[in-house]
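Basis for what follows: all heavy atoms, side chains included, without hydrogens, waters or symmetry-related copies.
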Amino acid sequence: METPEGPSDAELISRVRTGDLEAYGELFARHHHAAERMARQLVPANDADDLASDAFAKVLDALRNGGGPDISFRAYLLTTVRRVHVDRIRSGRKVQTTDDIAAYEREPQGFDDPSVTGFESGAAAKAFASLPERWQAVLWHTEVEGEKPATIAPMLGLTANGVSALAYRAREGLRQAYLQQHLADVAGDRCRWTTERLGAYVRGGLTKRENKNVREHLDDCAKCTAVYLELVEVNSALPALLAPALLGTAGLGYLAAASGVKVGIVGFLATGWQKVTENSTRAAVGGGAVVVVAVAAVIAAMALTGNDTPQAAISKPPSVQPTQAPPVNPPVNPPPSAKPPAVKPPVVAPTTKPQPEPTQPVDSTDPTQPTAPTSAPTTPVPTPPEPTTPIFDEGLLTISMPPGGGAPGGVPYGSSGVPDASYESGASGVSIESANSPWLITIKVPASNAKPVVVGIKYGSGLHWPLSGNPAGWTCVKATGTCTATNPAAPAKLPISFADPTGGTTAQRTFTVSAKTGRLYDDDSETLDAPPPAPKPHLDENLLKLVAGKTDLEGYLRTIVIAPGTRPSVTVKIQYGSALSWPIIGNPAGWKCTPSARTCTATNPSRPAPLYGSFAVPDGGSAARTYSVSATAGLLFDTDSETLAGPQADESLLQIITPDPRHDPNPLVYNRFLTINGTTGRVTLEISWGRNLALLPRFDRGWTCSRTTDVRRATCTTANYKKPLNTEWAAWPGSGAANTVTVTATTPARHDTDTVVIPPGKSKR
């Protein structure tokens, strides 16, 4: 965004009041040229510099004393130039030498500027004076002096866009204040009804019936017509209204010098201005007088704004014909009937030429009488070009949402505000695009409008061109960002559709639509809502549940249960310690699992099937034996964890059984059967014995044993326990530890230790 260069006028004025003369030097550099241009309208060129310097000195004194302007330095300075000039005239009158002092003993006459007297008592001046100084300053620089917003920005401490926005509000404030000034003086109910609607009438915002009533009242009421004419000037030609308020007649010359208008018409402009600002009762002499006032005002506005032709002040001339008869006496010197030869000087009739009879001039009562001598050549009157002064019409353009917020699927809306019937056939050329942000552009043109209707669309970087092809009734060009109505008398509604922005600032999400037809223009802006922040997942402790399966002494069976609900997906992630491993086998029904990612995804997210798994009994510390399950279902999540227990002591796991004589497989030795209960998996037996015992080397199939004779220990294992291990022992007489056998049985989940004493004797019993 552009930024103003240097301090604003308001900042410099504040610094001057604190004694900073360098700040006043910068104000002098900014505005000295304008002060000299104003001075040249009042005094000869060689005295203009002195007059401007005196004015600057007066303003400096005022600022040092706490007075003077706060913001609008230029207007205050130019007014001071005029007042210093008036003071010089007054002081010059006081020092005139005379022999008769009696004529000067009365109070000195004030110096009045006749061209501004009417204005200063008018509603426009009062309205302007009621505005905030900041608004007065921007109106003076933009409307009166015609400076660009970029030039004014440093003076007001704003950006160029800020100046444009401030000027727009100031113009609207002036119009409203102007109407309020007039409403205070309106007497009749009918005049009040009309005056209250003049603002909307100028901007084309009334219904057809209200327009007709206002026009009929203006045809009959000269006072309201004068109000209307001033309002037109407030709306489109502010220089002709505001300059005389501060600068008097010299203000017209000041503006003419600035804009290049010839000095010779300044007097005519002043006369036209006086006619515009005269009391409306003077204009009420007749309908013809009203037209004279209108033409004078419009020509003044035309000259000061650089137009070659006047704008139409009213829609048609008053129907009342002037009551005055044509002048009885024609001009003293009538023009010659034919152009004299170029080699001869023109013939001038003597002043004593007899006056023609009253019947010789054109008689308004005889429609057949020619309006000029037949011998005079007829000069064709060229048709003047139409006015070009733009008029802001707030009712010209409307941006609205279609009924119901738009059609599903991006169906565009036609001129009636309902879905366009030609859309399905593709005749409109509009493709199906995002309808998240549909809008309707409505253009309300004057009746029987024949001027082209052009709509321009600008948008921030967060948006894109909202059309594809040409909607019904419009021809659009993306490169220029414009659309032109094919029927300017009744433009169709223009549907546009922006995709929802993904983010960005307000400026990036704002679009502006401008409309123009003839002299009327309007613009409006809308800002698309920022996308809501992405919703954050939140904890739902009822989403996930871990259920223990049936009792299994060799492992931990677990079932993962996910609550049903409407969601796009359900994912389960399982994390576990180093003593555990992936608990899911393959892809259970209703799930698709990826062991490498440790995740499973439900194939039916609305009603996920139970997910079964099992963990082997782990060894190690608690962290190594802990697992956690995290479930994510749309925006819901839940996490549960469990620490599994390691192997446990089980007194029922191991039994050492002595067979009865009938089932003893070998009566010559001592047989002992090592029996394991409640398992079919891996079993490890650690066997140790005393010195009076010896373990014979015969073992059952399915078992693998290793032993050392010198240590009296053996280890036997089986991967799949099916039957007890039969151990055969040789024993020597003795008792106690020397005849004791100790066996420790271990499975993945349990362990147990038992002992048995094998007694000596002649019998193995």
Where do L78 and R82 land on the side chain to side chain contact (heavy atoms under 4.5 Å, CB included) test, with the steps shown first? CA-CA 7 Å; L78 298 181; R82 181 170 68 93; over 6 Å; no
Given side chain to side chain contact (heavy atoms under 4.5 Å, CB included), test V454 with T517 step by step and report yes or no. CA-CA 7 Å; V454 180; T517 177; over 6 Å; no
**Request:** Go through the steps for V16 and L27 under the test side chain to side chain contact (heavy atoms under 4.5 Å, CB included), then give the verdict.
**Result:** CA-CA 10 Å; V16 171; L27 288 171; 4.2 Å; yes
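With hydrogens and angles ignored, the 3.5 Å screen pairs a side-chain donor or acceptor of Q136 with a backbone N or O of L131. Counting only distance, with no hydrogens or angles, the side chain of E26 and the backbone of E22 share no donor-acceptor pair below 3.5 Å. In this structure, the side chain of D522 engages the main chain of L397 through a donor-acceptor pair within 3.5 Å.
Looking only at side-chain heavy atoms (C-beta outward), L63 and P69 come within less than 4.5 Å of each other. A 4.5 Å side-chain heavy-atom check between L156 and D9 finds every atom pair outside the cut-off. You'll find the side chain of H217 reaches within 4.5 Å of the side chain of C191, heavy atoms only.
To the nearest 0.5 angstrom, H85 atom NE2 is 8.5 Å from M38 atom CE.
Listed by first and then second residue, the side-chain hydrogen bond (donor to acceptor under 3.5 Å, both in side chains) pairs that reach into residues 57-73 are R17-D70, sequence neighbours excluded.
The two residues A153 and T159 have their closest heavy-atom pair at CB-C, 3.9 Å. The nearest pair of heavy atoms linking P446 to L520 is CG-CD1, 3.6 Å. When all heavy atoms of G518 and K451 are compared, the closest pair comes out as N-CB, 3.5 Å. In plain terms, the two heavy atoms of A515 and L396 that are nearest each other are O-CD2, 3.8 Å. Looking at every heavy atom in both residues, C221 comes nearest to C224 through SG-N, 3.4 Å.
Applying the side-chain hydrogen bond (donor to acceptor under 3.5 Å, both in side chains) test to D523 and every residue at least two apart in sequence or in another chain returns nothing. H31 is linked by a ring pair (Phe, Tyr, Trp, His ring centres under 6.0 Å) to F73, counting only residues two or more places apart in sequence or in another chain. For E216, the side-chain hydrogen bond (donor to acceptor under 3.5 Å, both in side chains) criterion is met by K212, not counting sequence neighbours. Every residue meeting the side chain to side chain contact (heavy atoms under 4.5 Å, CB included) condition with A167, not counting sequence neighbours, appears here in chain and number order: V138, T142, R171. When the ring pair (Phe, Tyr, Trp, His ring centres under 6.0 Å) test is applied to F28, the partners found at least two apart in sequence or on another chain are H32, F56. Taking E11 as the reference, P7, S8 meet the side chain to side chain contact (heavy atoms under 4.5 Å, CB included) condition, with sequence neighbours excluded. Evaluation of the side chain to side chain contact (heavy atoms under 4.5 Å, CB included) rule for V214 yields W193, T194, L198, Y201, L206, L218 as partners, not counting sequence neighbours. Evaluation of the side-chain hydrogen bond (donor to acceptor under 3.5 Å, both in side chains) rule for T512 yields S525 as partners, not counting sequence neighbours. By the side-chain hydrogen bond (donor to acceptor under 3.5 Å, both in side chains) test, E147 pairs with H141, sequence neighbours left out. For P149, the side chain to side chain contact (heavy atoms under 4.5 Å, CB included) test picks out A160, V163, S164, with sequence neighbours left out.
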Validation: residues 43-55 side-chain donor-acceptor distances under 3.5 Å, sequence neighbours left out:
from	atom 1	to	atom 2	distance (Å)
S53	OG	D49	O	2.9
D54	OD2	R88	NH2	2.4

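Of the candidates V84, T80, I13, V59 forms a side chain to side chain contact (heavy atoms under 4.5 Å, CB included) with just one, namely T80.
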